[in-house]
Amino acid sequence: MSHVVEARDLAIGYPNRRVGAGISLGIGHGEALCLLGPNGSGKTTLFKTLLGLLPPLAGEVRVLDEPVADWSRAAFARKVGYVPQAHAGLFPFTVEDIVLMGRAARIERFAAPSRHDREIAADCLAALGVGHLRTRVYTEISGGERQLTLIARALAQEPALLVMDEPTASLDFGNQIRVLEHVGRLRGRGIAVLMSTHQPEHALRVADRIALLAPGRLAGLGAPAEVATPDALADLYGVDAAAIVASLPALSRLQPPEKHAS
Amino acid sequence: MSAAARPAGWLAAFAALLAVLVAAFAVGKFPVAPGDLLRSLIGRFSAAGSGLPAAVDTVVWNIRLPRVAAGVVVGAVLAAAGAAYQGMFRNPLVSPDILGVSAGAGLGATLGIFLGLPLALVQGIAFIGGLLAVAVVWRIASLVQRHDPVLVLVLAGVALGALLGAGISLIKIISDPYTQLPTITFWLLGGLNAVTPNDLLATAPVMLAGLLPMALLRWRINLLSLADEEAAALGVDVGRLRLVLVAAATLSTAAAVSLAGIVGWIGLVVPHVARLLVGPDFSRLLPASLLLGAGFLVATDTLARTVAPIELPLGILTAVVGAPFFLWLLARVGRQT
């Protein structure tokens with residue numbers, strides 16, 4: 001199977017600080033891969049490396065089977081959209097202005113967004129159920145609405161893959177559910193999703209596969225039922241397996257009973 | 001702002017600028033009635049001439065035109081550079097001299113005056129000093145890795161600005177207090193009183209050349225107000241775009257400062273007002289800043305040569321007018337939100 005993005009024996013980190021090594025993973029077209037890992041395990045560093053924002057210390061990142069080092073920023077942005085954690089924003093841009101920024105890689109250097117770009121921006125907002133926000137000011141809407149706006153901006157890139165950095169962090173319960181529902185729908189549209197989360201139940205809900213990132217290495221990669229076992233999660237987060245089971249009732253429904261009897 | 005209100009708003013802004021320009025041509029030690037202005041204008045382009053006394057035509061075309069034209073260009077350029085910098089440095093309190101262009105130009109001009117050089121040379125040294133200062137700041141910032149590049153740039157600019165300011169102060173102390181010091185002081189506070197048509201013809205193309213990249217990149221500049229990595233992930237070559245804009249803003253600001261001295265406040269206040277009127281999208285913010293900056297500087301310069309028996313330095317008036325207006329604006333906006 002060809003991959004949208006593939007990491008081959010990747011070492012990640014900074015010149016003076018290696019964060020992780022030996023990381024190999026690939027994301028197929030339309031696949032949702034969730035990354036679980038404790039604070040400081042290098043989730044953000046891995047994302048930055050996959051996004052070409054940080055050079056790998058070793059190994060390589062390939063997008064659509066070509067080394068990422070050969071891609072221009074604009075060409076990359078036409079294939080891979082990035083959804084950062086919702087931020088406050090500084091200047092009072094409208095939601096439409098923000099979403100239109102997602103068109104940057106598809107707009108000529110000296111041009112401004114066309115009517116076509118505006119239609120796409122409106123469609124992306126509508127697809128997330130927030131079409132009514134179009135004329136609102138980004139700095140004045142709620143955190144959940146901002147997160148959906150940033151997802152719409154990434155969709156406006158018309159990417160094959162969306163990379164989402166903890167898209168449900170700092171959202172209230174309802175908005176978390178809403179964002180996860182939309183992630184599920186993206187998959188239906190053939191868009192691959194790579195997202196990190198601190199909540200294993202979110203991963204269980206939307207992921208085709210789960211990757212466990214322990215500090216320095218990939219501790220597991222595969223189908224949720226095989227990877228997100230109480231023992232593996234207990235190892236990953238440094239807590240008791242029984243505590244994991246108690247906190248995650250969804251997990252016991254997923255696991256065959258004999259698997260976590262030990 | 002609704003789509004229907006936009007053309008009307010722009011029309012009003014143009015009308016206001018035109019009114020300011022007419023007033024600037026009309027008032028002064030030698031008042032010219034608006035009707036005579038029109039006759040002089042028609043006379044300029046007809047074989048018959050204006051039929052006005054020669055003194056009127058001289059005042060309008062040889063004295064007021066270069067000064068008003070310089071006010072338009074300098075005000076427009078400083079406001080546009082300020083608007084671009086506030087966006088790209090993600091800080092609404094930034095002015096176009098944050099990277100040391102005014103300090104570099106100021107030291108150059110001060111040195112030129114101290115050495116008794118002719119005015120054209122003083123302007124040339126000021127221009128080069130401004131460019132050099134920003135080049136040094138850019139170089140220092142590019143040597144510093146592993147920090148937020150925007151923060152490093154601004155901090156390097158502030159530090160170099162302080163160093164150059166020390167140089168200016170030193171020259172002021174050792175310069176002749178009766179002949180050189182007043183010239184230096186006046187230059188450092190800015191003014192259009194010494195502008196000749198030749199000065200304007202030499203600097204205006206440079207200022208406009210600096211505006212060109214801003215006009216061409218007017219939409220893309222918006223993306224620099226995002227975090228660097230966010231903008232890069234959206235397909236922007238952040239480092240190159242920032243370099244182009246810093247070079248453009250520095251070029252036009254250095255030319256403006258070499259022509260008019262250090263005119264403060266415009267680059268800080270005008271973009272704020274423009275943003276309140278048309279929003280932060282640079283495609284609209286740029287033309288709004290150009291119009292308001294031109295109008296504000298011409299109006300201020302008209303005051304500078306009419307309110308007092310002596311010619312007031314522009315920098316004093318832009319601060320006296322700009323600062324209270326800015327505070328009023330802050331208070332008003334604070335109440336609304």
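Proteins get letters first, then strands, A, B, ... in listed order; numbering begins at 1 in each. Here the structure is a predicted model, which means the values were calculated and not measured. For the numbers below, each heavy atom of this structure counts, side chains included, while hydrogens, waters and symmetry mates do not.
Top candidate by heavy-atom pairs under 4.5 Å with chain B, chosen from A/Ala105, A/Ala104, A/Pro159, is A/Ala104. Ranked by heavy-atom pairs shorter than 4.5 Å toward chain A, the options B/Glu229, B/Arg275, B/Gln86, B/Arg90 are led by B/Glu229. Of the listed residues (B/Leu216, B/Val236, B/Leu223), the greatest number of heavy-atom pairs within a distance under 4.5 Å of chain A belongs to B/Leu216. Your options are A/Lys48, A/Gln157, A/Arg78, A/Arg153, and the one with the most heavy-atom pairs under 4.5 Å with chain B is A/Arg153.
In terms of modelled atom types and a separation under 3.5 Å, the side chain of A/Arg73 and the main chain of B/Ala232 share a donor-acceptor contact.
Within the model, atoms CG of B/Asp281 and CD of A/Glu96 stand 9.5 Å from one another, a figure rounded to the nearest 0.5 Å. Atom CG of B/Asn222 and atom CG of A/Leu100 lie 10.0 Å apart (nearest 0.5 Å). Put simply, OG on B/Ser283 and CG on A/Asp97 are 8.5 Å apart, with the number rounded to the nearest 0.5 Å.
In this structure, chain B has heavy atoms under 4.5 Å from both the backbone and the side chain of A/Ile107. Of the atoms belonging to A/Leu51, not a single heavy atom falls under 4.5 Å from chain B. Interface residue A/Glu108: only backbone heavy atoms are found under 4.5 Å from chain B. Looking at A/Pro92, both its backbone and its side chain come within 4.5 Å of chain B, counting heavy atoms on both sides. Proximity to chain B is absent for every atom of A/Val83, based on heavy atoms less than 4.5 angstrom apart. Looking at B/Leu241, there are no atoms closer than 4.5 Å to chain A (heavy atoms on both sides), in backbone or side chain. Using a 4.5 Å cut-off between heavy atoms, A/Ala111 touches chain B through its backbone atoms (N, CA, C, O) alone. The contact between A/Phe93 and chain B is made by backbone and side chain atoms together, counting heavy-atom distances below 4.5 Å.
Residue B/Leu217 comes nearest to A/Arg109 through the heavy atom pair CD2-O, 3.9 Å, listed as atom of the first residue, atom of the second, then distance. Nearest approach of A/Phe91 to B/Asn91, heavy atoms of both residues: CZ-N, 4.3 Å.
Heavy atoms of other residues, nucleotides or ligands lying less than 6.0 angstrom from CZ of A/Phe110 number more than 12.
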A/Met101/B/Glu230 under side chain to side chain contact (heavy atoms under 4.5 Å, CB included): CA gap, chis, key distance, verdict
CA-CA 10 Å; A/Met101 290 184 191; B/Glu230 209 179 327; over 6 Å; no
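Looking at A/Leu90 and B/Pro92, their side chains come closer than 4.5 Å, going by heavy atoms from C-beta outward.
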